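Taking it in order: structure first as structure tokens, then the write-up.
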Amino acid sequence: MAKIKNLLLDRDGTIIVEKHYLGNPDDVELLPNAKEALKKFTQKGIELFIVTNQSGIGRGYYKTEDFFAVQNKLYDILNEYNVKIKDIEFCPHTPSDNCTCRKPAIGMWQNLKKKYGLLENETAIAGDKLSDMYFGINAGLLVNALVLTGYGLSEKEKCSNIKIDIIAKDLLDLYYLLEEQRLI
Ligand SMILES: [Mg+2]
Ligand SMILES: [Zn+2]
């Protein structure tokens with residue numbers, strides 16, 4: 001039976017509190033249970049990646065260097081818990097750029113797949129938006145998991161006819177649900 005070896009994580013609203021165009025490291029705030037969840041995934045030997053749409057860059061709300069400052073703040077916090085994010089992919093474009101990397105397009109998945117030899121049937125996506133779910137569907141990932149943090153609750157109302165494999169309260173709940181279903 002297929003098992004998840006790689007977990008692709010949306011960032012805003014999934015790992016950290018959704019702050020609506022976050023460009024200031026001082027505003028990084030982890031969601032409750034996020035550190036514990038990521039630590040558990042790490043202890044299971046699951047590789048963690050972030051795939052994040054950052055149209056705030058393309059819209060001119062913050063710069064790429066601000067985005068990296070935010071990332072470094074997040075890494076510092078996760079380091080204390082011995083959690084390592086193996087790599088991050090981000091899309092700096094706006095919807096009107098029609099790029100191939102903004103979720104639900106799968107450019108970020110294709111980059112990671114090529115770079116690390118990842119397989120679809122060993123990879124899951126966790127995110128708080130339907131664009132994360134469509135990303136997983138478009139990429140053909142094993143598990144598409146919606147978390148009800150961030151925009152998750154309101155997004156859930158819109159998702160009647162799309163393939164969502166798991167709906168979890170947060171990342172920690174997701175960990176236990178995946179364990180229960182023997183997917184990790
Ligand atoms: Mg999000
Ligand atoms: Zn893009």
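No hydrogens, no waters, no symmetry mates; every other heavy atom, side chains included, goes into these values. Counting starts at 1 for both ligands and their atoms, following the listed order. Quick caveat, the model's predicted, so the values are computed rather than measured.
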**Message:** Before you tell me yes or no, could you show the steps for Leu118 and Glu47 under side-chain contact (heavy atoms from CB on, under 4.5 Å), namely the whole-Å CA-CA distance, both residues' side-chain angles and the distance that decides it to 0.1 Å?
**Reply:** CA-CA 10 Å; Leu118 307 184; Glu47 304 274 21; over 6 Å; no

**Item:** Of the N, O or S atoms in His93, the one nearest the Zn ion (ligand 2)
**Value:**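 His93's closest N, O or S atom to the Zn ion (ligand 2) is named ND1.
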
**Prompt:** Backbone or side chain, does Glu18 get an N/O/S atom under 2.8 Å to the Mg ion (ligand 1)?
**Reply:**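 Not a single backbone or side-chain N, O or S atom of Glu18 is under 2.8 Å from the Mg ion (ligand 1).
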
Restricting to N, O or S, what is the name of the atom of [X] that lies nearest the Mg ion (ligand 1)?
{"X": "Asp10", "value": "OD2"}
{"X": "Asp12", "value": "O"}
{"X": "Asp128", "value": "OD1"}

**Request:** Report yes or no: do Tyr176 and Glu180 form a side-chain donor-acceptor pair below 3.5 Å?
**Result:**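 Not at all, the side chains of Tyr176 and Glu180 share no donor-acceptor pair under 3.5 Å.
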
**Request:** Could you tell me whether a side-chain N or O of Lys19 sits under 3.5 Å from a main-chain N or O of Asp27, the two making a donor and an acceptor?
**Result:**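 Pair found, side chain donor or acceptor close to backbone of Asp27.
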
**Asked** More than 12 non-hydrogen atoms from neighbouring residues, nucleotides or ligands closer than 6.0 Å to NZ on Lys84, yes or no?
**Response**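 Result for NZ/Lys84: enclosed.
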
**Asked** More than 12 heavy atoms of other residues, nucleotides or ligands under 6.0 Å from NZ of Lys113: is that the case?
**Response**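 More than 12 heavy atoms, drawn from other residues, nucleotides or ligands, come within 6.0 Å of this atom.
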
**Vertex the Zn ion (ligand 2), rays to SG in Cys99 and SG in Cys91 - rounded to 10°** =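 If I round to 10°, I get 110°.
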
